[in-house]
Amino acid sequence: MASRHLSNRENWQARANVVGSTGETAFANALAAYLPSKYSVELKPPKLKVYPQGKGVILDCRVVNRETGKCLYVEKKTGNKGGNAHERVYKFLSPALKRLVRSKYNTVSNPFYLVFSGDTFQGEKYQNEFKLLLEGENYAVMDRDFGNIEKVAKDIMEIV
């Protein structure tokens, strides 16, 4: 009986996946436009193999400083109707994960940059959560229409 009801529900995950993918691509393109040519922005870089049997995580983009070879991985979340997308980035705060990624990949000291965009993250509730839980971390909340992309690009250039 329950499965019949579940099959009749809308598939919000499919819609959320489209919104998320669109947001990732839009961010990477906007960022690339504000970085000098010594930087490259790669959408969906190869998987970071951090678990046994070659398992790992694929982040949304990677920024590489072509002069130094150092890179920074970006995880981008888009939220327009609440939800918990932001909570899925908190694994990137793990000291052990950061240490492993630094040791296996040519990254800067904090290898992750977290980006949030969309109506959800404009609210005070999320802003307060980020200020507390992401204190000292590399992150940005994008203004509507990426109005602060130039500032984010400058932050990333200082990091990598």
Side-chain angles (χ1 to χ4, degrees), residues 6-36 39-51 55-65 70-95 97-98 100-101 105 107-160:
L6 290 175
S7 66
N8 289 333
R9 288 195 325 193
E10 285 189 61
N11 186 349
W12 64 266
Q13 294 97 335
R15 280 193 320 277
N17 190 35
V18 170
V19 169
S21 293
T22 301
E24 294 158 9
T25 302
F27 173 78
N29 290 337
L31 179 63
Y34 280 91
L35 292 175
Y39 294 96
S40 65
V41 179
E42 180 182 352
L43 194 60
K44 294 295 181 196
K47 172 174 42 179
L48 297 176
K49 296 177 182 176
V50 295
Y51 303 120
K55 305 276 188 211
V57 293
I58 299 174
L59 284 99
D60 297 319
C61 70
R62 173 174 61 186
V63 178
V64 179
N65 181 324
K70 294 286 186 180
C71 68
L72 177 69
Y73 289 92
V74 177
E75 183 66 5
K76 163 74 174 57
K77 294 297 179 194
T78 304
N80 288 318
K81 295 184 179 179
N84 68 343
H86 65 293
E87 292 174 352
R88 293 192 304 277
V89 303
Y90 294 155
K91 69 182 166 194
F92 298 111
L93 304 179
S94 162
L97 179 60
K98 289 177 183 180
L100 181 61
V101 169
Y105 302 92
T107 69
V108 293
S109 63
N110 183 349
F112 304 117
Y113 195 96
L114 312 173
V115 177
F116 307 92
S117 71
D119 292 340
T120 296
F121 303 120
Q122 302 305 312
E124 184 178 2
K125 171 188 183 275
Y126 291 94
Q127 298 281 329
N128 289 337
E129 183 175 327
F130 296 151
K131 283 178 186 166
L132 177 65
L133 298 181
L134 299 179
E135 182 181 298
E137 296 293 332
N138 298 325
Y139 82 97
V141 178
M142 301 307 303
D143 292 342
R144 286 176 171 65
D145 299 321
F146 297 128
N148 58 337
I149 191 68
E150 187 172 6
K151 179 190 179 309
V152 171
K154 286 178 181 177
D155 289 347
I156 288 174
M157 285 187 285
E158 288 179 14
I159 295 168
V160 66

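Atoms considered below: every heavy atom in the structure, side chains included; atoms not considered: hydrogens, waters and symmetry mates.
Shown here for V101 and P111, the closest heavy-atom pair between the two residues is CG1-CB, 3.8 Å. The two residues F121 and T78 have their closest heavy-atom pair at CE1-C, 3.9 Å. Residues L100 and V50 come closest through the heavy atom pair CD2-O, 3.4 Å.
Looking at heavy atoms from C-beta onward, K47 lies out of side-chain contact with V57 at the 4.5 angstrom threshold. Annotation: side chain of L72 is not in contact with side chain of N110 (no heavy-atom distance under 4.5 Å). When side chains are defined from C-beta on, Q127 counts as touching V141, because their heavy atoms get closer than 4.5 Å. Residues L93 and L134 have side chains in contact (heavy-atom distance under 4.5 Å, counting atoms from C-beta outward). For the pair Y139/V115, no side-chain contact is recorded, criterion being any heavy-atom separation below 4.5 Å from C-beta on. A heavy-atom distance below 4.5 Å is found between the side chains of Y73 and P45. With contacts defined as side-chain heavy-atom distances shorter than 4.5 Å, the pair R62/P46 qualifies. You'll find the side chain of V74 reaches within 4.5 Å of the side chain of V63, heavy atoms only.
Rounding to the nearest 0.5 Å gives a distance of 14.5 Å between CG of L59 and OH of Y113. To the nearest 0.5 Å, atom CD of residue E24 and atom CG of residue N29 are 12.0 Å apart. If you take CE on M142 and CG on N148, they are separated by 4.0 Å, rounding to the nearest 0.5 Å. A distance of 6.5 Å separates SG in C61 from CG in L31, rounded to the nearest 0.5 Å.
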Point to revise | E137/K98 under salt bridge (charged side-chain N to carboxylate O under 4.0 Å, His left out): CA gap, chis, key distance, verdict | key: CA-CA 12 Å; E137 296 293 332; K98 289 177 183 180; 2.8 Å; yes
Which side-chain N or O atoms in residues 149-160 pair as donor and acceptor under 3.5 Å with protein atoms at least two apart or in another chain?
residue	atom	partner	partner atom	Å
K151	NZ	D155	OD2	3.0

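Note: F116 and F130 have parallel aromatic rings, judged against thresholds of 30 and 60 degrees for the angle between ring planes.
A distance-only check finds a donor-acceptor pair linking the side chain of N138 to the backbone of F112 [under 3.5 Å].
Dense packing is recorded around CG of N128, with more than 12 heavy atoms of other residues, nucleotides or ligands lying under 6.0 Å away. Within 6.0 Å of OH in Y34 there are 12 or fewer heavy atoms belonging to other residues, nucleotides or ligands.
A donor-acceptor pair shorter than 3.5 Å can be found between the side chains of K76 and S117.
Between D60 and K77 there is no salt bridge, since no side-chain nitrogen of the basic residue lies less than 4.0 Å from a carboxylate oxygen of the acidic one. Taking a cutoff of 4.0 Å between a charged side-chain nitrogen and a carboxylate oxygen, R88 and E75 do not qualify as a salt bridge.
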